[in-house]
Chemist: 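Pasting a structure below so you can have a look.
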Amino acid sequence: MRKLNVHSLEKNLKNNSLAKNIIVYDELISTQSLAHKLALNGSKEGTMILSNIQTHGIGRYSRSWFSPLGGLWFSIILRPNNICIPSQKLNLISSLTIIKTLNRLYKINAFLKWPNDVVVQSKKISGVITESNYLGNKLDYIVLGIGINVNFEINSLPTSIRSTSTTLQTELNKKVNLIKLLTELLNDLAFSYLNLSSPNSIIIPEWKLLINTLNQKVIISLNDVDYIGTATDIFEDGSLKLTLLDGSHKHFFDGKLRYLK
Ligand code: BTN
């Protein structure tokens with residue numbers, strides 16, 4: 001299996017790339033935890049940690065994220081200075097950007113399962129995690145972590161998640177060029193990130209078509225309470241509007257979502 005070569009990556013990144021300083025490891029516990037350590041020690045915006053393998057990758061809600069060789073596993077330190085970017089918004093925009101990049105490059109039909117699961121045929125192919133650190137009430141940094149199941153077979157994952165996961169290799173029946181995928185994605189993310197501070201709308205109707213949670217009957221679990229209803233809208237700030245069975249509405253910025261059959 002070919003490992004990532006950082007030089008060929010940097011050559012193809014646009015100047016405004018989110019990733020200004022890319023550090024590649026063969027194996028790490030987690031790019032997310034290393035990025036936090038570096039950020040706390042003052043590493044600059046744009047420091048990106050990528051590892052070919054993670055031994056203890058971290059998902060949302062402290063779940064494990066399985067990260068065998070052949071996937072894209074990376075975390076980027078962001079220090080937005082002039083505006084306070086809600087991490088939900090960054091989460092939503094990053095997931096939608098991954099979807100657009102995958103659909104453009106490989107003509108697969110990836111969708112967003114709110115808030116951050118990128119799915120193909122209802123199976124998870126990628127996940128995003130955004131973790132913010134504040135100094136008092138001022139945002140110090142955000143670590144944006146992205147995992148994409150790319151060049152490996154589904155049987156490299158534990159049996160417990162095989163029926164709910166997929167990989168690009170499984171979907172396309174072939175391996176893809178990891179450097180090309182990463183380069184295109186980083187360039188697309190840079191564009192989305194710059195637009196986050198624009199006063200114009202970022203969730204244009206076309207993007208809403210990529211969210212397959214809309215108009216579905218769902219259960220959202222938050223703080224051990226289950227809320228049942230229909231997902232009726234998704235907003236600029238990343239929040240989801242749930243219309244409950246009694247007709248009232250509730251907004252969620254986070255939560256574990258399941259579809260009701
Ligand atoms: C999720 O869907 O739960 C989010 C998964 C995020 C996984 C990525 S892989 C790179 C980075 N390092 C980690 O340990 N986690 C994130």
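The first residue of the sequence shown is numbered 1, and numbering continues consecutively from there. Quantities reported herein were computed from a predicted structural model and do not represent experimental measurements. What's counted below: heavy atoms across the whole structure, side chains too, no hydrogens, waters or symmetry copies. Start at 1 and go down the list; that is how both ligands and their atoms are numbered.
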Chemist: Can you list the atoms of ligand 1 that are under 4.0 Å from a heavy atom of Val128?
Modeler: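 Those of ligand 1 that fall under 4.0 Å from Val128 are 4 (C).
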
Chemist: Would Lys124 count as a contact of ligand 1 if the rule is a heavy atom under 4.0 Å away?
Modeler: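 Under 4.0 Å: yes for Lys124.
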
Chemist: Going by heavy atoms, is Arg63 under 4.0 Å from ligand 1?
Modeler: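 Flag not set, Arg63 not near ligand 1.
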
Chemist: Under the 3.5 angstrom rule, does the side chain of Ser126 hit a backbone N or O of Val118 as a donor-acceptor pair?
Modeler: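 A pair under 3.5 Å: no.
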
Chemist: Check whether any side-chain N or O of Arg60 sits under 3.5 Å from a backbone N or O of Ile129 as a donor-acceptor pair, and report yes or no.
Modeler: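 A pair under 3.5 Å: no.
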
Chemist: Taking only heavy atoms of Gly127 into account, list the atoms of ligand 1 that are under 4.0 Å away from them.
Modeler: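 Counting atoms of ligand 1 from 1, those under 4.0 Å from Gly127 are 2 (O), 4 (C), 5 (C), 6 (C).
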
Chemist: Can you list the atoms of ligand 1 that are under 4.0 Å from a heavy atom of Arg60?
Modeler: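 Result: 1 (C), 3 (O), 4 (C).
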
Chemist: Is a donor on one side and an acceptor on the other found under 3.5 Å between the side chain of Trp114 and the backbone of Ser239?
Modeler: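 Side chain of Trp114 to backbone of Ser239: no pair is present.
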
Chemist: What I want to check is whether the side chains of Ser94 and Tyr193 have a donor and an acceptor closer together than 3.5 Å.
Modeler: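 No.
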
Chemist: Any idea which part of Ile146 is under 4.0 Å from ligand 1, heavy-atom wise: side chain, backbone, both or neither?
Modeler: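 It is the backbone that touches ligand 1; the side chain stays farther off.
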
Chemist: Between Ser30 and ligand 1, is there a nitrogen or oxygen pair with a distance under 3.5 Å?
Modeler: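 Ser30 vs ligand 1: N/O contact under 3.5 Å present.
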
Chemist: So is Ser75 close enough to ligand 1, meaning a heavy atom under 4.0 angstrom away?
Modeler: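 Contact present.
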
Chemist: Quick one: look at Phe74 and ligand 1, take heavy-atom pairs under 4.0 Å, and tell me if it's side chain, backbone, both or neither.
Modeler: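 For Phe74, the contact with ligand 1 is made by the backbone alone.
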
Chemist: Give every residue pair that meets the ring pair (Phe, Tyr, Trp, His ring centres under 6.0 Å) criterion with at least one member in residues 21-40, sequence neighbours excluded.
Modeler: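 Passing the test, one end in residues 21-40: His36-Tyr141.
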
Chemist: Where is the tightest heavy-atom contact between Tyr259 and Val218, given as atom of each residue plus distance?
Modeler: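 Residues Tyr259 and Val218, closest heavy atoms: CD2-CG1, 3.6 Å.
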
Chemist: Name all residues meeting the side-chain hydrogen bond (donor to acceptor under 3.5 Å, both in side chains) criterion together with Thr101; count only those two or more places apart in sequence or in a different chain, and write none if there are none.
Modeler: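 Thr101 satisfies side-chain hydrogen bond (donor to acceptor under 3.5 Å, both in side chains) with Asp188 once adjacent residues are dropped.
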
Chemist: For atom CD of Gln121, decide whether the heavy atoms of other residues, nucleotides or ligands shown that lie under 6.0 angstrom number more than 12.
Modeler: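 Atom CD in Gln121 is not crowded, with 12 or fewer foreign heavy atoms closer than 6.0 Å.
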
Chemist: List the closest protein heavy-atom neighbour of atom 5 (C) of ligand 1: residue, atom name, distance to the nearest 0.1 Å.
Modeler: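 Here the nearest protein heavy atom works out to Trp65 CE3, 3.4 Å.
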
Chemist: Could you check whether atom CG of Asn223 has more than 12 heavy atoms from other residues, nucleotides or ligands sitting under 6.0 Å from it?
Modeler: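 Check fails, neighbour count at 12 or below.
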
Chemist: Look at atom 6 (C) of ligand 1 and find which of Ile58, Ile76, Ile148, Asp117 reaches it with the closest heavy atom.
Modeler: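 That would be Ile58.
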
Chemist: Which atoms of ligand 1 have any heavy atom of Gly57 under 4.0 Å away?
Modeler: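 Close to Gly57: 14 (O).
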
Chemist: Would Thr31 count as a polar contact of ligand 1, with the cut-off being nitrogen or oxygen pairs under 3.5 Å?
Modeler: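 Looking only at distances, the answer is yes, because the N/O contact criterion of under 3.5 Å is met.
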
